[in-house]
Structure formats: C-alpha cells, structure tokens
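For reference, the structure discussed in these notes is given below.
In what follows, every chain begins at residue 1, and chains take the letters A, B, ... in the order their sequences are listed.
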2 protein chains.
Amino acid sequence: MARTSLQERKQKILQIVIHHYIRSAKPVGSETIIEKYKLEVSPATIRNTLADLEKEGFLTHPHTSSGRVPTDKGYRFYVDSLVQLQRLTQEEEQRIDHEYENQRMELGRVMQETSKMLSMLSHYTGFVLTPSVVNDQVRRLELIKLDGNNILAVLVTVSGLIRHKVIVFEGNTNSAELGELNRMLNRNIAGLDIKDIGTEIIRKLHTEKVKQERNLQLLEILLQQAFNLADESELYLEGTGNILSQPDFSDYDKLRNIFKVIDEKKMLTDVLETKFEDRGVRVLIGEESTCKDLEECSIVTSTYRAGDKTMGALGIIGPKRMEYSKMIALVDYFSKIINKTLNRQKKEHTGEPRKK
Amino acid sequence: MARTSLQERKQKILQIVIHHYIRSAKPVGSETIIEKYKLEVSPATIRNTLADLEKEGFLTHPHTSSGRVPTDKGYRFYVDSLVQLQRLTQEEEQRIDHEYENQRMELGRVMQETSKMLSMLSHYTGFVLTPSVVNDQVRRLELIKLDGNNILAVLVTVSGLIRHKVIVFEGNTNSAELGELNRMLNRNIAGLDIKDIGTEIIRKLHTEKVKQERNLQLLEILLQQAFNLADESELYLEGTGNILSQPDFSDYDKLRNIFKVIDEKKMLTDVLETKFEDRGVRVLIGEESTCKDLEECSIVTSTYRAGDKTMGALGIIGPKRMEYSKMIALVDYFSKIINKTLNRQKKEHTGEPRKK
DNA sequence: ATTAGCACTCCTTATATTGGAGTGCTAATT
DNA sequence: AATTAGCACTCCAATATAAGGAGTGCTAAT
C-alpha cells in the first residue's frame with residue numbers, strides 16, 4: 001500500500017472511531033471498523049493501530065475487553081481535523097432566517113428566542129450571553145423622576161440594548177431640574193464608550209457649567225450607580241431538559257454536576273466570559289472549559305459583535321459525544337445572523353451608509 | 001377504648017402513614033406504625049384499617065406484599081387536616097428578613113432573588129410569577145426618542161414594575177413634540193388602571209386639545225403597541241436542578257416529563273395563572289394542577305398583592321411526597337414579605353400615611 | 001371489634017452460569 | 001518490517017436460580 005501511508009491510516013482510523021462512536025454511543029471495536037468502513041486491512045492491523053492510538057492518548061478502554069472510546073485529546077484532534085464544515089440544510093437555514101425577518105423585538109427578547117432556537121435545532125442546551133454592556137456605546141441616557149428619592153435611569157446603547165435601574169437620590173429634585181440635567185447629559189455622552197463615561201463626563205463638565213450644586217451631587221451618584229447596571233450580564237439558557245435525553249448522562253451524578261452549573265448561572269457566565277477573545281466558532285471539550293463540573297460536556301460557542309466590538313457569546317452545551325460538524329455549522333450561522341441583526345440596528349441609528 | 005372512636009383512629013393512622021412516608025420515602029407497613037408511633041393496638045388491627053383506607057381510596061399498594069403509599073386523595077386529606085401550621089424557625093425567618101432589609105433593587109431583580117431563596121430553603125424548585133401588569137396602575141409612561149422611526153416607551157407601574165418596549169412610528173417626531181405629548185399623557189393617565197387606559201385616554205382626550213394631527217396618530221399606535229407590553233408575564237424559576245436530588249424522580253421518564261414543563265415556561269405559566277383566584281396558600285397535588293406532566297409533583301403557591309389587586313404568584317414545585325407543613329409555612333412567609341415590600345413601594349409613591 | 005397465627009406473594013439481594021464481544025500476544029506470512 | 005491468522009484470555013451483560021424478608025390477607029379464636 002504505497003498510497004496510504006502509515007500516518008495517514010492512523011489518523012483515518014482515529015477519525016472513524018470517533019465518528020462512529022459519536023453516532024452509536026457504543027465503544028467501537030476493530031471488527032466494526034472494517035465492516036462499516038470497508039478498510040482493506042485485517043482486524044489485527046486495526047487492533048495494532050488502536051493500541052498505538054491509545055498509547056498516544058487519543059483513545060481509551062472502558063475495560064479490557066471492550067471497544068475504544070475517545071479521550072478529550074481524541075475529540076480535540078477530531079474537531080481540529082474537521083476541514084469541510086457541514087452546512088445547514090437549506091430548509092434549516094430558511095427556518096432560521098424566517099424567524100428573524102421583519103421582526104422588531106426588543107433585543108432582550110431576540111436573545112431569548114435565539115437561545116430557544118439554538119436548543120431546538122441542536123437538541124442540546126442553547127445559550128446566549130449578553131455580557132456587560134461596557135463594551136458598548138451610549139445612545140441615550142434618560143432620567144425619570146419616580147418620587148421623592150427615586151430616579152429611574154434608562155440606558156439605551158448604540159446596539160439596542162436597554163438597561164434600567166432605580167437610583168436613590170436623597171436630595172429632592174424636581175422634574176424640570178432633572179430634565180435639564182438630562183439634556184445636558186445627553187449632549188455630552190452620546191456615542192461615548194460606556195466604560196469611559198466616568199472619566200469623560202468629568203472632563204466634559206468643565207466645558208458646560210453645571211447650574212446647581214446638587215446637580216453635581218446627583219451626577220456623582222449617577223456615575224456610581226447608574227453605570228454599574230452596565231456590569232450585569234444576562235444569560236439566556238433554554239432547553240436544559242434536553243440534557244436528560246442524552247444517553248451519555250444516564251448517570252445521576254454526572255447529571256447533578258451539570259445542573260449545578262446550570263442552576264448557578266453565575267458559574268456558567270464566568271466560564272463563557274473568560275473564553276471569548278477570539279473570533280469565529282470555538283469548541284471547548286470537557287476539561288478545556290476549566291470547570292470541573294462540565295468535564296463531561298462540550299461547549300460550542302461563537303461571539304457576536306456590533307461593529308468591531310465583541311458584544312457577547314452564543315452557542316450550545318451538550319455531551320462531549322456530539323455531532324461537532326453539525327453543531328459548529330449551526331452556531332456559526334446563528335452568530336452571523338445575530339451580527340446582521342445587531343448591525344442593522346446600529347446602521348439605522350447612526351445613519352451610516354450601507355456600503356463599506 | 002371509649003376515648004378513641006373508630007373514625008378518629010382511622011384518620012390518625014392515615015396521617016401517620018403519610019407523615020412517615022413523607023419522611024422515609026418507603027412504603028410503610030403495619031409493624032412500622034406500631035413501633036414508631038406506639039399505638040396500643042395490634043398489627044392486625046392496623047392492617048384491617050389500612051385495608052379499609054385503601055378501599056376508600058386514600059392509600060395504595062405498589063405490590064401485594066409491600067407497605068402502603070398515599071394516593072392523591074390521601075395527600076389531599078393530609079394537607080387539609082394540617083391544622084397547626086409549622087412555623088419557620090427564628091433563624092430562617094431572620095435569614096429571609098435580612099435579605100429584604102434596606103434593599104432597593106428593581107422589582108424584577110427582587111423577584112429573581114426571591115425565587116432563588118425559595119428554592120434554597122425548600123430544596124425544591126422555587127418560582128415567582130410576575131403576571132401581566134394589567135391589574136396594576138400607571139405611575140408613569142415615558143416616551144423616549146431613539147431615532148427616526150423608533151420610540152422607546154417605558155412604563156412604570158404603581159407597584160414598581162418597569163416594562164419597556166420599542167415602538168415603531170413611521171412619522172418623524174422630534175424630541176420636543178414628543179416631550180409635550182409625554183407631559184400631556186402623564187397628566188392624564190397617572191393612577192389609571194392599565195387595563196382601562198384604552199378607553200380612558202380617548203375620553204380624556206376631548207378635554208385636552210391635541211396639538212397636531214400626527215400626535216393623534218402616534219397615540220393610536222401607542223395604545224395598540226405600548227400596552228400590550230403589559231401582557232407579558234414573567235416567570236422566574238430557580239433551583240430546577242434540585243429536582244434531580246429527589247428520590248421520587250429516580251425514574252427518567254418522570255424526570256423528562258417534569259422538565260418538559262419547566263423548559264416550556266409558557267405551560268407552567270398557564271398552570272399557575274389559572275389557579276390563583278383565592279387568597280392564602282394553596283396546594284396543588286398531582287393531577288390537581290390539571291397538567292398531565294406534573295402528575296408526580298405538588299405545587300405550593302400563594303399570591304401577592306399590591307393594595308387589593310392580586311399581582312402575581314410565588315411558590316415551590318416539588319414531589320408529591322414533600323413536607324407540606326414546612327413548605328406551606330415557607331411560602332406563606334414569603335408571600336407576606338413580598339406584600340410588605342410591594343406596599344412599601346406603593347406608600348412611598350402615593351404619600352399615603354403609614355397608618356390604616 | 002380485636003387479635004394471634006399462618007400461608008402466601010413478591011420484591012430484593014446475592015450468587016452462579018453462560019455467551020459473546022473484543023483485546024493482546026505470538027508466530028507465521030508477505 | 002508490516003501485516004495477518006490463530007488463539008487464549010478478560011470482563012461485561014444477560015439470564016437463571018436461590019434464599020431471605022417484609023408485609024399482606026385470611027381464618028379462627030378471644
């Protein structure tokens with residue numbers, strides 16, 4: 001066999017094992033490989049190769065006399081070697097597109113629907129992470145007087161996210177005062193990066209004269225309180241029940257671990273937030289998520305962005321034994337759709353020309 | 001035995017069986033009853049009574065030679081006969097109180113925290129249902145111009161709920177116009193029941209003169225769009241993973257059924273919404289929830305109200321075999337706390353004197 | 001009405017028994 | 001040197017069998 005070098009075959013066999021295991025959920029043995037994939041070698045040869053692959057850490061044995069099962073390292077190789085990414089079927093793409101056409105929902109709801117669709121199409125758990133809006137820019141900040149001590153601050157970002165927060169301000173302001181302050185603020189902060197607001201506002205204040213002492217006070221409180229609403233990231237999780245249908249999690253302890261993370265959204269948020277510097281779809285296999293309780297899971301995730309700023313992440317969580325090819329295509333498609341939706345909103349606001 | 005009539009004993013035995021089953025999760029037999037509860041009758045007598053109770057539909061047999069297990073009817077009797085409700089321990093009450101002291105969170109977040117606490121203290125799944133705000137009254141409605149076609153409507157209710165929605169209005173309004181309209185609106189609608197706004201506004205409009213044609217148009221759209229934001233009820237669910245720890249749900253099919261309902265929040269919302277005419281804590285046992293998938297669960301729920309209007313519901317979902325006494329006390333306490341919190345907000349707004 | 005006595009049921013647990021899937025090794029083959 | 005046939009060996013998974021026990025239901029005695 002000159003054509004198929006040893007290395008080549010080894011890799012091919014590894015891929016076959018993993019591919020087959022992903023679909024069958026059963027450890028795969030040498031005979032199976034030959035039967036289903038018509039390799040022109042004997043079972044014994046396969047066995048030798050399998051033993052090699054095990055020595056190199058790509059596969060394991062549940063017990064002496066059972067077939068092989070991929071290790072994390074094996075999955076990693078498999079995912080990295082997926083060259084031609086499966087595309088979604090036309091039907092699927094249309095179904096998704098349809099959902100986003102002529103819709104004018106508030107962004108929060110879009111995200112919720114998105115995670116629901118992710119879960120339905122993947123049959124795993126779908127998520128969308130709307131991270132802190134600190135990377136976003138201010139479109140408007142509206143101060144509304146509620147009663148004596150309470151002011152409602154509504155922040156609208158350039159990408160269309162809306163956050164509100166009740167602020168306690170002990171000094172009595174009347175509506176007129178507040179309105180003036182409001183206009184002044186919006187003249188100065190529109191378009192600013194939210195994370196810069198603190199420093200910027202102080203700088204700009206020197207150019208405008210602030211009418212009253214107390215307004216300065218209020219501003220201070222605003223800076224302290226209103227903009228830590230920007231910190232609160234939101235995580236939409238849907239289809240958590242799908243996890244139950246996975247044969248991989250027939251063990252109750254494994255299940256409980258996973259639900260520990262799901263219930264404690266904070267944990268999950270942390271995992272997801274620390275992992276998205278890059279662009280493009282990323283796959284976190286087992287321990288790669290650096291979360292002990294997720295060692296039996298894989299996460300397929302991508303970011304979405306408004307303009308050039310990374311805004312948040314979306315994706316799916318499932319067992320390590322998942323159809324990566326399909327899932328990557330799915331997540332990728334959604335990330336693109338969301339990008340489109342976000343940038344449409346942004347264009348409409350800034351009035352930028354469509355080209356470029 | 002003149003003192004203990006037959007009926008009395010029968011009921012007592014029923015209570016013992018259920019009480020013991022709730023704590024042990026094992027079918028209870030005649031011997032056990034005598035051992036643990038020191039009845040002065042023989043096992044045979046107990047057996048006769050048990051057989052009677054089974055004939056009457058309060059108990060069943062998993063199989064011929066096992067102890068008795070309550071039926072839904074049995075649980076119903078048990079719950080109805082719980083006269084002296086257990087109170088929470090001081091420690092627990094303090095822990096809860098502490099959480100609500102000097103906090104000034106937006107109401108949505110309060111609800112989320114509340115459901116989390118419900119789940120933690122019950123070890124089951126906690127929920128808070130913020131129903132459609134239609135039963136609430138308007139405190140303020142603020143219109144904020146976003147860009148050409150989009151207006152952000154922020155509705156603040158008397159009880160402190162905040163809803164926002166982006167409204168599409170094709171005609172271009174400038175901020176000044178909008179501001180005027182806004183002031184006009186708030187002069188007229190503050191304090192109105194949200195469900196009456198449609199009719200009321202039309203009536204009131206005849207007393208004020210509306211400046212421009214287009215404002216009328218805008219108003220119409222507002223009425224159509226802004227106030228169906230009132231329809232969206234929100235369901236906060238926490239601690240779903242706790243369900244996994246229940247030995248009652250060691251069966252995967254049962255688990256899946258429950259998670260079907262949990263994932264499809266809409267279903268759960270419907271169940272909960274149709275069930276809260278009454279005041280006070282209610283217990284829905286098994287099929288009483290009229291939801292097939294919840295036939296293995298019980299729901300302990302109570303409403304909370306602002307003033308005299310029922311606002312929403314909160315409670316816990318767990319297995320039928322739950323410590324009802326404790327759970328009822330827990331849910332009751334939370335409902336009272338939330339009532340207090342809500343009415344505090346309301347008082348602060350209306351400036352009503354604290355007494356009465 | 002209550003109870004002792006006892007046969008009977010059926011679950012639960014433990015223990016063998018078996019078949020088979022799959023491996024790893026050795027020695028023969030190309 | 002790589003491949004392969006042959007075979008012993010391992011261990012799981014399924015099935016059968018047995019023993020123990022918890023608990024019932026019935027009958028007859030109190």
Side-chain angles (χ1 to χ4, degrees), chain A residues 1-14 16-18 20-21 24-56 58-71 74 247 250-251, chain B residues 1-14 16-18 20-21 24-56 58-71 74 247 250-251:
Chain A
M1 312 262 149
R3 221 183 92 255
T4 347
S5 87
L6 201 151
Q7 272 304 318
E8 253 180 65
R9 191 174 63 206
K10 207 185 222 175
Q11 295 193 0
K12 188 167 180 194
I13 288 177
L14 180 52
I16 288 175
V17 171
I18 300 181
H20 193 266
Y21 179 69
S24 72
K26 289 191 191 69
V28 350
S30 51
E31 309 270 1
T32 323
I33 296 176
I34 303 215
E35 269 175 44
K36 308 261 170 175
Y37 297 85
K38 314 216 189 278
L39 293 202
E40 298 182 332
V41 281
S42 77
T45 314
I46 305 279
R47 278 202 290 282
N48 287 334
T49 316
L50 291 178
D52 282 0
L53 285 167
E54 180 158 0
K55 245 172 264 152
E56 293 165 38
F58 294 104
L59 299 173
T60 357
H61 261 157
H63 56 265
T64 356
S65 76
S66 92
R68 289 329 201 282
V69 158
T71 60
S250 54
D251 182 357
Chain B
M1 315 258 151
R3 224 183 88 257
T4 347
S5 88
L6 201 153
Q7 272 305 318
E8 253 179 65
R9 191 173 63 207
K10 208 186 223 174
Q11 295 192 3
K12 187 165 180 194
I13 288 177
L14 180 52
I16 288 175
V17 171
I18 300 181
H20 193 264
Y21 178 68
S24 73
K26 290 193 190 70
V28 351
S30 50
E31 309 270 2
T32 323
I33 297 177
I34 303 213
E35 269 175 44
K36 308 260 172 174
Y37 298 86
K38 316 219 188 273
L39 293 202
E40 298 182 333
V41 282
S42 77
T45 312
I46 305 280
R47 279 202 289 280
N48 288 333
T49 315
L50 290 177
D52 282 0
L53 285 167
E54 179 158 3
K55 246 173 262 153
E56 292 164 40
F58 294 103
L59 298 175
T60 358
H61 258 158
H63 56 265
T64 357
S65 76
S66 91
R68 293 321 203 285
V69 158
T71 60
S250 53
D251 182 357

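- Taking 4.0 angstrom as the limit, S66(B) places none of its side-chain polar atoms (N or O) nearer than this to OP1 or OP2 of dC11(C).
- Under the side chain to side chain contact (heavy atoms under 4.5 Å, CB included) criterion, K36(A) pairs with H20(A), T32(A), sequence neighbours left out.
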Enumerate the protein-to-nucleotides 12-15 of chain C contacts in which both atoms are nitrogen or oxygen and the separation is below 3.5 Å.
none

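- One can place CG of L59(A) at 15 Å from P of dG22(C), the figure rounded to the nearest angstrom.
- Y21(B) and P70(B) make their closest contact through CD2-CD, 3.3 Å (heavy atoms, listed as atom of the first residue, atom of the second, distance).
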Protein-nucleic acid N or O pairs under 3.5 Å, nucleotides 25-29 of chain C:
none

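- Minimum interatomic distance between V69(B) and P62(B) (heavy atoms only, all atoms of both residues): CG2-CG, 4.0 Å.
- What separates CZ of R9(A) from C1' of dT4(D) is a distance of 12 Å, to the nearest Å.
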Please tabulate the protein-to-nucleotide N/O contacts below 3.5 Å involving nucleotides 15-22 of chain D, giving atom names and distances.
none

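- With rounding to whole Å, L39(A) atom CG is found 14 Å from dT3(D) atom C1'.
- Side-chain contact check for E54(A) versus L50(A): every heavy-atom pair is 4.5 Å or farther apart.
- Note that the CG atom of L53(B) and the CD atom of Q11(B) stand 9.5 Å from one another [nearest 0.5 Å].
- Once rounded to the nearest 0.5 Å, the distance linking CZ of R68(B) with CD1 of I13(B) reads 11.0 Å.
- The shortest distance between side-chain heavy atoms of L39(A) and T45(A) does not fall below 4.5 Å.
- With rounding to whole Å, Y21(B) atom OH is found 14 Å from dG23(D) atom P.
- The shortest non-hydrogen separation linking V28(B) to V17(B) is CG1-O, 3.7 Å.
- Within the 4.0 Å cut-off from OP1 or OP2 of dA21(C), not a single side-chain nitrogen or oxygen of R68(A) is found.
- Here the closest non-hydrogen pair linking R47(A) and S30(A) is NH1-OG, 3.4 Å.
- The nearest whole Å value for the distance from the CG atom in L53(A) to the P atom in dG22(C) is 17 Å.
- Separation of atoms CG (L14(A)) and OG1 (T49(A)) is listed at 11.0 Å; rounding is to 0.5 Å.
- Here dT3(D) presents its P atom at 10 Å from CD1 of I46(A), a figure rounded to the nearest Å.
- The C1' atoms of five pairs define one axis at each end of the helix from dA1(C)-dT30(D) to dT30(C)-dA1(D), and these two axes lie 20° apart (to 10°).
- Here CD of E56(A) is found 11.0 Å from OG1 of T71(A). Values are rounded to the nearest 0.5 Å.
- In this structure, I33(A) places its CD1 atom 16 Å from P of dA21(C), rounding to the nearest Å.
- Using a 4.0 Å cutoff on non-hydrogen atoms, the parts of residues 24-32 of chain A near DNA chain C are G29(A), S30(A), ordered by number.
- Here the closest heavy-atom approach between residue G67(B) and residue H61(B) is recorded as O-CD2, 4.0 Å.
- Distances shorter than 4.0 Å separate none of the side-chain N or O atoms of T64(B) from OP1 or OP2 on dT24(D).
- If you measure from atom NZ of K10(A) to atom C1' of dA2(D), you get 13 Å, rounded to the nearest angstrom.
- At dT2(C), none of the side-chain N or O atoms of T45(B) fall inside 4.0 Å of OP1 or OP2 (strictly under the cut-off).
- A 4.5 Å side-chain heavy-atom check between K10(B) and D52(B) finds at least one atom pair inside the cut-off.
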